[in-house]
Number of protein chains: 2
Amino acid sequence: MKKTATRADVARAAGVSVASVSRAVNNSGYIKKDTKERILEIAKNMGYNPNPIALSLQSQKTRQLILYQNDIITSYNLQFFNGATRAAYKRGYSIFLDINCEFDKIRRHLVDGVIFSLEALAEKYINTVGVNYYLPVVVTSNDASFSFAHPVHNVLIDNHKVVNMGIDYLMNKGHRKIGMVLQDKGKNSEIRYRIWKTRMEQYKRDSGINIDLDELVIRAEISNSENMHIGHLDPTLRLQSSDDNYTNYASFSIGKRAAEIYLKSNTSATALLCFNDDIAYGFIRGVEKNGVRVPEDISVMGIDGIYLREWLEKKITTVSIDPENLGTLSTNVMIDILEDKNPKYINWTSPKILEGETVKDITVR
Amino acid sequence: MKKTATRADVARAAGVSVASVSRAVNNSGYIKKDTKERILEIAKNMGYNPNPIALSLQSQKTRQLILYQNDIITSYNLQFFNGATRAAYKRGYSIFLDINCEFDKIRRHLVDGVIFSLEALAEKYINTVGVNYYLPVVVTSNDASFSFAHPVHNVLIDNHKVVNMGIDYLMNKGHRKIGMVLQDKGKNSEIRYRIWKTRMEQYKRDSGINIDLDELVIRAEISNSENMHIGHLDPTLRLQSSDDNYTNYASFSIGKRAAEIYLKSNTSATALLCFNDDIAYGFIRGVEKNGVRVPEDISVMGIDGIYLREWLEKKITTVSIDPENLGTLSTNVMIDILEDKNPKYINWTSPKILEGETVKDITVR
DNA sequence: CTGAAAGCGCTTACAG
DNA sequence: CTGAAAGCGCTTACAG
């Protein structure tokens, strides 16, 4: 490996001081036009390249960020990362992905800021390494209360809108017995469940119709070994680094399990809002293998808006929170912090409906 | 943001020199046990963390790598990246993904080495920025001749084995009229096509059966606008940075287009080996929407071994080149270079068959 | 065992 | 307009 020229080499070759080389290269301060051009010419011929590490040491900036996510395979995480890395790139930054979430290691990393695509990970970070390590933090959160508890910048998923928008859509299509498919445990599951419940109870009161809400909910869980690779569902689960298999899309499995439960149940639901699109697809696959047709026999709606919906067997109808956009936004907020542009602490995002082929219109005309 | 303590602050607080602090922190050189412990205690209380940038400037190492790929969405790229980032992490390195492949920017990046998951990108780099910028390069290549033309480390996909293994598998299942589905242009398409052709001509000679080979090949292409986001098929196509849509899985589209061509054709093929799994799935989707059943009416085999085959409607039978493993290997070769472990220049990999549900056994018993 | 000093490659006030 | 010098935060041969 050829040793690269330094500013001292250039200065020597040009017979000037290193300061002048700096001024020429950076086009800063006063410098005679002739000498500047001569220096640049010589620098070019020597293949001189300013050492980025030295620049960073000087500026105390690396223009590098770190993103913590438990994987890069699940749709939400992949799309979040895609948005984040593109946004960073556009503004001259780079992003690392730390899939293992070993926060301690951040002390060895050359980064200016930390991004989380999930508040549970952020919480853990803030309460451990973050206690005495001071880097700006941006977190995409499902939980508005998180932003009160922690003095970090937030990009917020408006779950109230998400769930209600989904229910509205289904109501408009004539559905009344609208159930949910949830992962059994998980804070974010509970957040969406409570919003659903509040809304459905309201509907019961307003309409005077007696509905047994419990009977509309399907809660599924997968075994621990299946769950091994999906810390994003429960970040307290340390991701096992089995060498051979990172392909376990946990949400699909949860959806399949939910399908089994559905098939054995007597639920009167005509439509099911699933916690996310991946779960919804697992569910669809599961019930269709057993002869139940979607949407003819049961309408299914997802949440997220994953890329794959364009490519899977049936395009899902979903409430899109646009994970790619969440990644983009989080990164831009981070960079705004770093560049003293004073971004807002709370940045709400809005979901929107993406129509597909999985909801049947049962309105009576 | 609280200013973090430096080694000078610690030295002052402890009443020693900065050199002693270094020795204590790094556990190097001679230092009295007592003073060492006292220094470490004080450092800890001050929340001292060695500045990683300064360490890098000193060592001229960043433990950071850059990976060039045209996207993170296509299965091959996603899995390659997944393997690469995990491998790097395990050895204490980090990887950037540069999706835009603007090679010039590498001069500003804090990286020790460069990885390519596609030789065409590497070729472009080597002939431009690489000419006078000296960083070690590792490339995963489809083309053995690439390794002779360029003095860089290679991880090689053994396409000879890949294609012949696929044909062998299909022959074993009784197929003789074995065709291919290819993207119309593309160097790697041609590589696999030629191997297929050689093999099939050999079979014609050996068996004495007269087969019209041309009639077995389907070549599909998609329009330029569709192709916009998939520079990986042709790296000379600059990736457009449209803001709203990175979801275009080009290979799916090519497969769909191939399905249209297939439906209009009179090919006598009983089995088709597709350039990759994504194309194969697009093809399957395309023909099945038109009432052709896979594998009952036509057997389909892919190449790659994508994660999604576990989750798509039908598990594909494929020749796995294990993209995740290619990412892992490339990264380990890179790190071996950096750590003077003298890895081999040519690192062959072996494909293996993954059975699925898309090939029909038509042997006569 | 410990400290003063030079060095990693750069920038930027300060003098001239 | 230009250079010598101090500084970014660290390491490490060299004296003592």
Side-chain angles (χ1 to χ4, degrees), chain A residues 1-40 42-43 46-64 107-112 133-135, chain B residues 1-40 42-43 46-64 107-112 133-135:
Chain A
M1 189 95 28
K2 198 159 130 192
K3 182 105 175 57
T4 62
T6 71
R7 123 240 91 148
D9 300 325
V10 177
R12 204 171 304 119
V16 296
S17 73
V18 293
S20 292
V21 177
S22 268
R23 286 190 270 259
V25 169
N26 299 328
N27 195 22
S28 71
Y30 298 102
I31 185 161
K32 212 200 302 181
K33 199 161 169 256
D34 290 5
T35 51
K36 175 176 157 186
E37 280 164 5
R38 195 166 53 84
I39 291 171
L40 289 180
I42 290 171
M46 297 178 76
Y48 171 68
N49 182 246
N51 182 314
I53 307 175
L55 293 174
S56 280
L57 179 59
Q58 189 65 36
S59 63
Q60 295 297 327
K61 295 201 161 61
T62 60
R63 299 183 80 83
Q64 298 187 159
R107 299 173 178 280
R108 308 256 84 118
H109 273 140
L110 298 90
V111 291
D112 300 333
Y133 197 67
Y134 306 96
L135 279 178
Chain B
M1 189 93 29
K2 199 160 131 189
K3 182 104 176 56
T4 62
T6 71
R7 125 239 91 151
D9 299 326
V10 177
R12 204 172 304 121
V16 296
S17 72
V18 292
S20 292
V21 177
S22 269
R23 286 190 270 259
V25 169
N26 300 327
N27 196 22
S28 71
Y30 297 103
I31 184 162
K32 210 201 301 179
K33 198 163 170 250
D34 289 7
T35 52
K36 174 177 158 187
E37 279 165 6
R38 195 166 53 84
I39 291 171
L40 289 179
I42 290 171
M46 296 177 77
Y48 171 69
N49 182 248
N51 182 314
I53 307 176
L55 293 173
S56 280
L57 179 59
Q58 188 64 38
S59 64
Q60 297 296 327
K61 295 205 161 64
T62 60
R63 298 182 81 83
Q64 299 187 157
R107 298 175 179 281
R108 308 255 82 120
H109 274 139
L110 298 90
V111 292
D112 299 335
Y133 197 69
Y134 306 96
L135 279 178

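Quick caveat: nothing in here was measured; it's all calculated off a predicted structure. By convention in this document, chain letters (A, B, ...) are assigned in the order of the sequence lines, proteins followed by strands, and residues within each chain are numbered from 1.
Of the inter-residue distances, the one linking B:Ser22 atom OG with B:Ile39 atom CD1 reads 9.5 Å to the nearest 0.5 angstrom. Interatomic distance, B:Asn49 CG to A:Tyr133 OH, rounded to the nearest 0.5 Å: 4.5 Å. Expressed to the nearest 0.5 Å, how far CD1 of B:Ile53 lies from CD1 of A:Ile53 amounts to 9.5 Å. A distance of 10.0 Å separates CG of B:Leu57 from CG of A:Leu55, quoted to the nearest 0.5 Å. From B:Met46, atom CE reaches atom CZ of B:Arg12 across 8.0 Å, with rounding to the nearest 0.5 Å. Separation of atoms CD (B:Gln64) and CD (A:Gln64) is listed at 4.0 Å; rounding is to 0.5 Å.
Between B:Ala54 and B:Lys36, the residue anchored closer to the 5' end of DNA chain C is B:Lys36, taking for each the nucleotide with the nearest heavy atom. Sequence order on DNA chain C of the closest nucleotides to B:Ile31 and B:Gln60 puts B:Ile31 first from the 5' end. Of the residues near DNA chain D, B:Asn49 and A:Lys32, the one whose nearest nucleotide (by heavy atom distance) lies more toward the 5' end is A:Lys32.
Rounded to whole Å, atom P of C:dC8 lies 18 Å from atom CG of B:Asp112. Between the CZ atom of B:Arg12 and the P atom of D:dC10 there is a distance of 12 Å, rounded to whole Å. For the pair B:Leu110 CG and C:dG9 C1', the interatomic distance rounds to 13 Å; values are reported in whole Å. As rounded to whole Å, 13 Å separates atom C1' of C:dG9 from atom CZ of B:Arg108. At whole-Å resolution of the value, CG in B:Leu57 and P in D:dG7 are 17 Å apart. Here the P atom of nucleotide C:dC1 and the CG atom of B:Asn27 are 12 Å apart, to the nearest Å. Per the geometry, NZ belonging to A:Lys61 stands 13 Å off P belonging to D:dG9, to the nearest Å.
Comparing the same atom, P, in D:dG7 and in C:dA4 gives a spacing of 16 Å after rounding to whole Å.
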Given the rule that a pair is Watson-Crick or G-U wobble with both distances under 3.5 Å, how would you write DNA chain D in dot-bracket, using | for pairs to a different strand? |||.||||||||.|||
Candidate pair A:Val16 and A:Arg38, rule side chain to side chain contact (heavy atoms under 4.5 Å, CB included), full reasoning: CA-CA 10 Å; A:Val16 296; A:Arg38 195 166 53 84; 4.0 Å; yes
Using the side chain to side chain contact (heavy atoms under 4.5 Å, CB included) rule, take A:Asp9 and A:Tyr48 through it: C-alpha gap first, then chi angles, then the decisive distance, then the call. CA-CA 9 Å; A:Asp9 300 325; A:Tyr48 171 68; over 6 Å; no
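A:Thr35 places none of its side-chain heavy atoms less than 4.5 Å from the side chain of A:Ser20. Counting heavy atoms from C-beta on, the side chains of A:Ser56 and A:Leu110 never come closer than 4.5 Å.
For the pair A:Thr35 and D:dT2, the criterion of a side-chain N or O lying under 4.0 Å from OP1 or OP2 is met. Within the 4.0 Å cut-off from OP1 or OP2 of C:dG3, at least one side-chain nitrogen or oxygen of B:Ser20 is found. Taking 4.0 angstrom as the limit, B:Ser17 places a side-chain polar atom (N or O) nearer than this to OP1 or OP2 of C:dG3.
If you check every strand for non-hydrogen atoms under 4.0 Å, B:Asp9 touches nothing.
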Protein heavy-atom contacts under 4.0 Å, written 5' to 3' over nucleotides 11-16 of chain D as B (base), S (sugar-phosphate only) or - (none), form the string BBB---
